[in-house]
Amino acid sequence: MIDKKLKDSEISFGKANKSDSLRISILLKTVNIEAYAWNGISSEIASYTTKRFSPESIERIINQSPEQLIIAYKNGNPIGVAEVLYKSKCPIKNTDVPELSKLYVLARFYGQGIGLRLLHEAEKEIWRKGFKEVNLEVWTNNNRAIVFYKKRGYQSIGTVNFPMDENTYENLVMNKVLNEENE
């Protein structure tokens, strides 16, 4: 039986380890499919998910930029991932600003504060690196995520298209100005 509320002692946050590449890959694939495969697993979704979240791709990220991935662990097992791209350009303002590229939590851990804590960890890390704002892109049909980010002070600043194989999907670009509270 799954506990409704997780005990703080069971949850930890940290940088990704190469030894976790396979497990992080599966977590990202699972959440991506849950969030975006509204019409089942199309060839387009299967191809994108397989390539983007392969264990080799995750290991490459860890090797090149270990600070890019923040992992939430329950009893040592990954349950959530925040990915921050520090070398990113805002597609609306055309300025350099870090991007919260992914904030993924396994569905069975929804409502337990894991996403919020991952978001806070990512924002603290961005602030520590000297950045004063952060952007993210979220699919316009992902209402749950949009509401979550708005409650945390993110504001919509425009939309961009996200190309995937032969289709294009509209993403909302959201921005948050960080402050000392993010330390």
Side-chain angles (χ1 to χ4, degrees), residues 16-72 77-111 114-116 118-119 122 134-152 154-176:
N17 297 310
K18 280 194 296 187
S19 61
D20 292 335
S21 295
L22 176 61
R23 297 185 303 157
I24 294 168
S25 167
I26 297 298
L27 186 155
L28 289 166
K29 288 175 183 176
T30 300
V31 176
N32 193 72
I33 293 297
E34 289 173 348
Y36 299 108
W38 287 98
N39 292 314
I41 301 176
S42 65
S43 295
E44 177 181 66
I45 290 285
S47 175
Y48 175 81
T49 303
T50 300
K51 290 175 191 169
R52 172 63 172 91
F53 303 122
S54 71
E56 296 79 18
S57 175
I58 304 307
E59 190 168 319
R60 198 168 27 259
I61 291 169
I62 295 168
N63 285 335
Q64 294 172 357
S65 280
E67 74 282 355
Q68 188 170 322
L69 296 177
I70 301 168
I71 311 300
N77 296 312
I79 60 171
V81 178
E83 179 181 35
V84 179
L85 305 177
Y86 289 98
K87 295 178 181 178
S88 185
K89 190 172 282 294
C90 175
I92 305 300
K93 298 179 184 178
N94 200 31
T95 57
D96 294 332
V97 61
E99 177 186 352
L100 179 64
S101 175
K102 301 281 177 284
L103 183 64
Y104 282 7
V105 176
L106 290 172
R108 72 177 336 145
F109 297 100
Y110 284 1
I114 304 303
L116 180 59
L118 266 173
L119 180 63
V134 59
N135 280 347
L136 59 85
E137 293 180 22
V138 58
W139 183 37
T140 55
N141 289 347
N142 192 342
N143 292 324
R144 179 185 184 107
I146 293 168
V147 169
F148 173 84
Y149 292 123
K150 282 183 177 180
K151 283 183 180 178
R152 276 59 188 192
Y154 285 80
Q155 297 179 350
S156 172
I157 59 172
T159 60
V160 294
N161 289 323
F162 180 79
M164 187 187 305
D165 288 344
E166 66 274 355
N167 293 305
T168 301
Y169 301 90
E170 186 178 47
N171 279 355
L172 188 63
V173 179
M174 301 182 84
N175 176 274
K176 181 177 181 180

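The figures here come from the full heavy-atom set of this structure, side chains too, leaving out hydrogens, waters and symmetry mates. Numbering starts at 1 and runs along the sequence shown.
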Quick check: closest heavy atoms across [X] and [Y], and the distance to 0.1 Å?
{"X": "Pro78", "Y": "Ile24", "result": "CG-CG1, 4.3 Å"}
{"X": "Pro55", "Y": "Ser21", "result": "O-CB, 3.8 Å"}
{"X": "Leu118", "Y": "Gly80", "result": "CD1-C, 3.6 Å"}
{"X": "Tyr104", "Y": "Val31", "result": "CG-CG1, 3.5 Å"}
{"X": "Ala82", "Y": "Leu100", "result": "CB-CD1, 4.3 Å"}

- Task: Go through Glu83 and Leu28 one step at a time and tell me if the side-chain contact (heavy atoms from CB on, under 4.5 Å) criterion holds.
- Result: CA-CA 11 Å; Glu83 179 181 35; Leu28 289 166; over 6 Å; no

Separation between [atom1] of [X] and [atom2] of [Y], rounded to the nearest 0.5 Å:
{"X": "Leu27", "Y": "Leu106", "atom1": "CG", "atom2": "CG", "value": "4.0 Å"}
{"X": "Ile33", "Y": "Ile41", "atom1": "CD1", "atom2": "CD1", "value": "4.5 Å"}
{"X": "Tyr149", "Y": "Leu119", "atom1": "OH", "atom2": "CG", "value": "6.5 Å"}
{"X": "Leu172", "Y": "Ser156", "atom1": "CG", "atom2": "OG", "value": "4.0 Å"}
{"X": "Glu170", "Y": "Asn161", "atom1": "CD", "atom2": "CG", "value": "6.5 Å"}
{"X": "Ile62", "Y": "Ile71", "atom1": "CD1", "atom2": "CD1", "value": "7.0 Å"}

- Message: With a sphere of 6.0 Å drawn around CG of Asn39, does it hold more than 12 non-hydrogen atoms of other residues, nucleotides or ligands?
- Response: no

- Item | Atom CD of Gln155 with >12 non-hydrogen neighbours under 6.0 angstrom | no

Verify, without hydrogens or angle tests, whether [X] (side chain) and [Y] (backbone) share a donor-acceptor contact under 3.5 angstrom.
{"X": "Ser88", "Y": "Pro98", "result": "no"}
{"X": "Thr30", "Y": "Ile26", "result": "yes"}
{"X": "Lys176", "Y": "Arg152", "result": "yes"}

- Task: Considering only NZ, NE, NH1 and NH2 on the basic side and carboxylate oxygens on the acidic side, decide whether Arg144 and Glu34 come within less than 4.0 Å.
- Result: no

- Task: Decide yes or no on side-chain contact (heavy atoms from CB on, under 4.5 Å) for Val173 and Glu137, but give the supporting numbers first.
- Result: CA-CA 5 Å; Val173 179; Glu137 293 180 22; 4.0 Å; yes

- Quickly, which of Leu136, Ile92, Ile157 forms a side-chain contact (heavy atoms from CB on, under 4.5 Å) with Asn175? Name it, please. Ile157

- Exactly one of Leu85, Leu69, Asn135 clears side-chain contact (heavy atoms from CB on, under 4.5 Å) with Ser101, and that residue is Leu85

- Min side-chain heavy-atom separation Val134-Val84 under 4.5 Å: no

- Could you walk me through whether Arg52 and Met164 pass the side-chain contact (heavy atoms from CB on, under 4.5 Å) check? CA-CA 11 Å; Arg52 172 63 172 91; Met164 187 187 305; over 6 Å; no

- Item | Working for side-chain contact (heavy atoms from CB on, under 4.5 Å), residues Ser43 and Asp165 | CA-CA 9 Å; Ser43 295; Asp165 288 344; over 6 Å; no

- Task: Determine the interplanar angle of the Tyr36 and Trp139 rings, folded into 0 to 90°, and report it as parallel if under 30°, tilted if 30 to 60°, perpendicular if over 60°.
- Result: tilted

- Distance only, no hydrogens: is a donor on one side chain within 3.5 Å (strictly under) of an acceptor on the other, for Thr49 and Asn32? yes

